[in-house]
Trainee: 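What follows is a structure written as structure tokens; I'll ask about it next.
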There are 2 protein chains.
Amino acid sequence: MVPFGTGTGLEGGVNAVQGGVCFDLSRMAAISELSLEDFSVAVEPGVTRKALNSHLRGTGLWFPVDPGADASLCGMAATGASGTNAVRYGTMRPNVLNLRVVLPDGSLLHTAGPGRQARKSAAGYDLTSLFVGSEGTLGFLTQATLRLHPLPEAVAAAVCSFPSVQAAVACTVQVLQAAVPVARIELLDEVMAGACSRYSRLELPEAATLFLELHGSQQGLAEQQQQAEELVRLHGGSIPAWARAQEEREQLWSARHSAWFAALALRPGCQGYSTDVCVPISRLPGVVVETQRDLRDSGLTGPMVGHVGDGNFHCILVFRPEDTDEAQRVHDFAERLGRRALAAGGTCTGEHGVGLGKRALLREELGPQGLDTMRRIKAALDPHHLMNPGKVL
Amino acid sequence: MVPFGTGTGLEGGVNAVQGGVCFDLSRMAAISELSLEDFSVAVEPGVTRKALNSHLRGTGLWFPVDPGADASLCGMAATGASGTNAVRYGTMRPNVLNLRVVLPDGSLLHTAGPGRQARKSAAGYDLTSLFVGSEGTLGFLTQATLRLHPLPEAVAAAVCSFPSVQAAVACTVQVLQAAVPVARIELLDEVMAGACSRYSRLELPEAATLFLELHGSQQGLAEQQQQAEELVRLHGGSIPAWARAQEEREQLWSARHSAWFAALALRPGCQGYSTDVCVPISRLPGVVVETQRDLRDSGLTGPMVGHVGDGNFHCILVFRPEDTDEAQRVHDFAERLGRRALAAGGTCTGEHGVGLGKRALLREELGPQGLDTMRRIKAALDPHHLMNPGKVL
């Protein structure tokens, strides 16, 4: 049994590799229990992140987790997704308060108990966090109760160019260490900046680039802007021109969210594959530089884009799958990058999940004891291995 | 096998109710892998929260989770503890990056994989969150890798008296809704305010009281103070006299952390029992008022103190255990309060855990399917039921 939401996952989580029945949940699309006082709402699997935020328009609240695609929120919970706002608002995990799950035997589980939505709890094992990121292998998520956030009073976004990727990453590390409460801090390498500029008709220099966004009160924002500018300048970045108007900001972020398509447009007719490593911030500059060198040495097109505030970045490899030699080089590069992240104390998947593609690396990441523990849990909750077979473990 | 840290838990988690072997882990006291760049550190079970913060002195970093007692950090992870700073910095769960666990069969598990400490991960089931709050029923936590936070540039604390508990709670709800990034917001009812005032030699009026603390930049703090003052005034509260000096602030918070002893001093020679419900913010005023009425009707001494920014509050019931009638009234009151919280969509335990005392209520909170799911996980990871028997489930 394979749960299907919007089919926008990147690791083949919805592929029925062993046959079976695929359940399209997209027509379960109710939004309910919106509480403006408790900052919470319940959504069914057919509700996407954009649909929820449209529904919330005018309430002063929003849901910040934003993977590239307009994914189903329950699918995002199943994947453990995040996006550009995670550095400030967290990933899906801290933003899910409760899940309604159909277990493999057909019984109904509410992970935090039926109807519960306390902001914190010490009541037994954290089943909510267990099902977030379970990728359909433990049951069907049929409703998610989500934590909403107040819309910031003021928002400013800016794009800064840097002399090198190292400089942009070093600037990011310092922004975090200075505890500037940055809402978004996204890296594009020179190839990706050029690709996005052409694809979304912006006028970005072909240079390592940071997209920044700050959220705060009017007064607090001015202070954050000043702090950010100082650090950008210190690392040789261009002076940010702050966009305050919503339309202008949306144009920027729409360009960022189109990075996948901008990368594909570099080589029309080719296929894309995205890596997804995440490393401790202190190791980020080294890992990024080594990865760029590896890309060049491998003769691959793989523009880089990343949620660098979390230590998470993607190379979007654009290749011709018919060219078996190139496909093999892509595969080898992705594996080396995964191992490089593991050697740096990181993970092979920051937000895309394991699905089919990362199963081999998962074993190296967790060690035999970690994998065995996960398998015991899988066997305990899905003893007949009915749910999404062949995935994750 | 019962793991023992500092023995400061409140739900009997370390009691060897079925006999067995109790493991005192307090001499495993290493602090290692401190990374000022990654804001992380690893601690063994003998390290308490105060010992860690002493160790961090001068680094510009701190660990904010602060239950009343100077508990072991691994014990706090096992309990899913929180404290006064959770409204801003979260509970133990989001602040644990990795756990080293000795499983019941003696094998060693690293919940996020050996040596890993990425800020986020989508690599399989979230074993870290599963072991946080497992109360020693799944294995021994022998090391926790924790997320540290930058010390705020400026801090201000204040005490405000209100005409009623309702007014203080309503003020709290508005502070949250206005998205003032309050670091601590703690309620004391009139009885507790009087008790703390006498016990810690402060000069608090015997009135419903909020202890507030704000963290920010110098400039940002002024703005927060202004916002908070407006809301306090709007609800009839006394104008806060802000304490900026560390010594003065520490005196305030030491009084708050002594609430347990201040309550016991109300009736010398008596015993204390703390309730621990947590409800959605919108339901907090109603639940608090009903609970105060219930206390009066039951003829019990039970001053109230709470992390009201999370919807979590405690009644510290002070009673003579030899008086079987009073002890029964305490028991009945605690059960009614737990059910009142459940009826309001809350939990019977926000931060103290289930241990022995909350097992009956846990069943009502989770429903049969939730409890059954937890039992399956317990059986999968501890098939011979060796770990902390008789607790939680």
Trainee: Between A118(A), S282(A), C348(A), A380(A), which shows the greatest number of heavy-atom pairs under 4.5 Å with chain B?
Mentor: S282(A)
Trainee: Relative to chain A, which of G60(B), G370(B), G346(B) shows the most heavy atom pairs under 4.5 Å?
Mentor: G346(B)
Trainee: Where does Q224(A) contact chain B at under 4.5 Å (heavy atoms): side chain, backbone, both or neither?
Mentor: neither
Trainee: Using non-hydrogen atoms only, which part of P150(B) is less than 4.5 Å away from chain A: side chain, backbone, both, or neither?
Mentor: side chain
Trainee: Tell me, for K378(A) versus chain B, whether the close heavy atoms (under 4.5 Å) come from the side chain, the backbone, both or neither.
Mentor: both
Trainee: Side chain, backbone, both or neither: which part of E364(B) has a non-hydrogen atom closer than 4.5 Å to chain A?
Mentor: backbone
Trainee: I'd like to verify something: which residue of S82(B), S35(B), P181(B), G311(B) has the highest number of heavy-atom pairs under 4.5 Å with chain A?
Mentor: S82(B)
Trainee: Between E135(B), E223(B), Q117(B), which shows the greatest number of heavy-atom pairs under 4.5 Å with chain A?
Mentor: E223(B)
Trainee: Pick whichever of A123(B), G220(B), A86(B) has the most heavy-atom pairs under 4.5 Å with chain A.
Mentor: A123(B)
Trainee: Determine the option with the most heavy-atom pairs under 4.5 angstrom with chain B, choosing from I281(A), N98(A), L97(A), L361(A).
Mentor: I281(A)
Trainee: With a 6.0 Å cut-off (strictly less than), is the heavy-atom count around CZ of R147(A), excluding the residue itself, greater than 12?
Mentor: yes
Trainee: Which one, G80(A), G133(A), G353(A), leads in non-hydrogen pairs under 4.5 Å with chain B?
Mentor: G353(A)
Trainee: Please state whether the side chain, the backbone, both or neither of T128(A) comes within less than 4.5 Å of a heavy atom of chain B.
Mentor: neither
Trainee: Between G309(B), P368(B), A222(B), A344(B), which has the largest tally of heavy atom pairs under 4.5 Å with chain A?
Mentor: G309(B)
Trainee: Measure L108(A) against the heavy atoms of chain B and call it side chain, backbone, both or neither at under 4.5 Å.
Mentor: backbone
Trainee: Does any heavy atom of chain B fall under 4.5 Å from the side chain of L362(A), the backbone, both, or neither of them?
Mentor: side chain
Trainee: As an exercise: rank L176(B), V277(B), L138(B), T91(B) by heavy-atom pairs under 4.5 Å with chain A and give me the winner.
Mentor: L138(B)
Trainee: Quick check for you: among Q227(A), R119(A), K120(A), K391(A), which has the greatest number of heavy-atom pairs under 4.5 Å with chain B?
Mentor: K120(A)
Trainee: Under a 4.5 Å heavy-atom cut-off, does chain A meet the side chain of K358(B), its backbone, both or neither?
Mentor: neither
Trainee: Measure up the H352(A) and H314(A) rings against each other and bin them: parallel (under 30°), tilted (30 to 60°), perpendicular (over 60°).
Mentor: parallel
Trainee: To check you understand the geometry: which heavy-atom pair defines the closest contact between R376(B) and P383(A), and what is its length?
Mentor: NH1-CD, 4.3 Å
Trainee: What is the minimum heavy-atom distance between V308(B) and L284(B), and which atoms define it?
Mentor: O-CD2, 3.6 Å
Trainee: Is it the backbone or the side chain of V101(A) that comes under 4.5 Å from a heavy atom of chain B, or both, or neither?
Mentor: neither
Trainee: With no hydrogens and no angle check, just 3.5 Å: does a side-chain donor-acceptor pair link T137(A) and Y125(B)?
Mentor: yes
